[in-house]
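Read through the structure below, which is laid out as structure tokens, and then see the notes.
Computed from a predicted structure; not experimentally measured. Throughout, residue positions are numbered sequentially from 1 according to the sequence presented.
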Amino acid sequence: MRDIQIYKIDKQATLPTRNYSTDAGLDIYASENVFIPLNETVIISTGVAVRIPEGFIGKIEDRSSMSIKGLRTGGGCIDFGYTGEVGIVMHNLNNSSHLNGLKNGYWVSIGDKVAQLVIYKIE
């Protein structure tokens, strides 16, 4: 989609990317180091804001590479009128006691791909 506008609002931020032109979503990156304890939820800063064109919404979706580790997004809908920072609500649902070499949770580092932004047309 050519009309989506993306703004870097934090110098630590990585702008969303697509690996291939045929990818459904844009990869969203963490702009902070954050620890997600087992069975807890955090909001991960991305350092970016997006402007979704009228008649569309942006949806925050899981990345399969995170889901397989038990890390799931809390979803989220970015409406046309929202212009603030995109935050990723991330739940750590993992049952493993040794996830990422840690017994109590998972570390997300600056620059890690944490979610996808998919644009949908609305009626």
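Listed here is the closest heavy atom pair of P16 and I6: CD-CG2, 3.6 Å. Shortest non-hydrogen contact noted between M90 and I44 is CB-CD1, 3.8 Å. Shown here for W107 and N33, the closest heavy-atom pair between the two residues is CZ3-C, 4.3 Å. Among all heavy-atom pairs drawn from V86 and I60, the shortest one is CG1-CD1, 3.9 Å. Of all heavy-atom pairs between Q12 and D10, the closest is N-OD1, 2.8 Å. Across all their heavy atoms, V48 and I9 have their closest contact at N-CG1, 3.9 Å.
The line from CD1 of I119 to CG of L26 is 6.5 Å long, rounded to the nearest 0.5 Å. Atom CD1 of I88 sits about 11.5 Å away from atom CZ of R63, to the nearest 0.5 Å. With values rounded to the nearest 0.5 angstrom, H91 atom NE2 is found 9.0 Å from R72 atom CZ. Atoms CG and CD1, on D112 and I28 in that order, are 13.5 Å from each other to the nearest 0.5 Å. Interatomic distance, CD of Q116 versus OG of S64, reported as 7.5 Å (0.5 Å rounding).
Atom CD1 of I43 is surrounded by 12 or fewer heavy atoms from other residues, nucleotides or ligands within 6.0 Å.
The cationic group of K113 does not satisfy the cation-pi geometry with Y29, failing either the under 6.0 Å distance to the six-membered ring centre or the 45° limit from the ring axis. Annotation: cation-pi pair R51/Y82 absent, no NZ/CZ under 6.0 Å from the ring centroid and within 45° of its normal.
Linking Ile, Leu, Val, Met, Phe, Trp and Tyr whenever their side-chain heavy atoms come within less than 4.5 Å puts V114 and L15 in one cluster. In this structure, F56 is a member of the same hydrophobic cluster as I78, with clusters built from ILVMFWY side-chain heavy atoms closer than 4.5 Å.
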Assess the residue pair E40 and F35 against the criterion (side-chain contact (heavy atoms from CB on, under 4.5 Å)); give the C-alpha distance rounded to whole Å, side-chain angles, the decisive distance to 0.1 Å, and a yes or no. CA-CA 10 Å; E40 292 197 25; F35 184 71; over 6 Å; no
Take D79 and I57 through the side-chain contact (heavy atoms from CB on, under 4.5 Å) test and state the conclusion after the steps. CA-CA 5 Å; D79 292 310; I57 60 166; 3.9 Å; yes
Decide side-chain contact (heavy atoms from CB on, under 4.5 Å) for Y106 and L71; before the verdict, give the C-alpha distance in whole Å, the side-chain angles of both, and the deciding distance to 0.1 Å. CA-CA 9 Å; Y106 186 86; L71 302 165; 3.4 Å; yes
I'd like to know whether I4 forms a side-chain contact (heavy atoms from CB on, under 4.5 Å) with L117, so could you lay out the CA-CA distance, the side-chain angles of the two residues, the decisive distance to 0.1 Å, and finally the verdict. CA-CA 11 Å; I4 187 172; L117 171 63; 4.0 Å; yes
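Between the side chain of T17 and the backbone N or O of D27 there is no donor-acceptor pair closer than 3.5 Å. Looking only at distances, a side-chain donor or acceptor of D62 sits under 3.5 Å from a matching main-chain atom of T73. A donor-acceptor contact shorter than 3.5 Å links the side chain of R18 to the backbone of D23.
A donor-acceptor contact closer than 3.5 angstrom is absent between the side chains of K59 and Y120.
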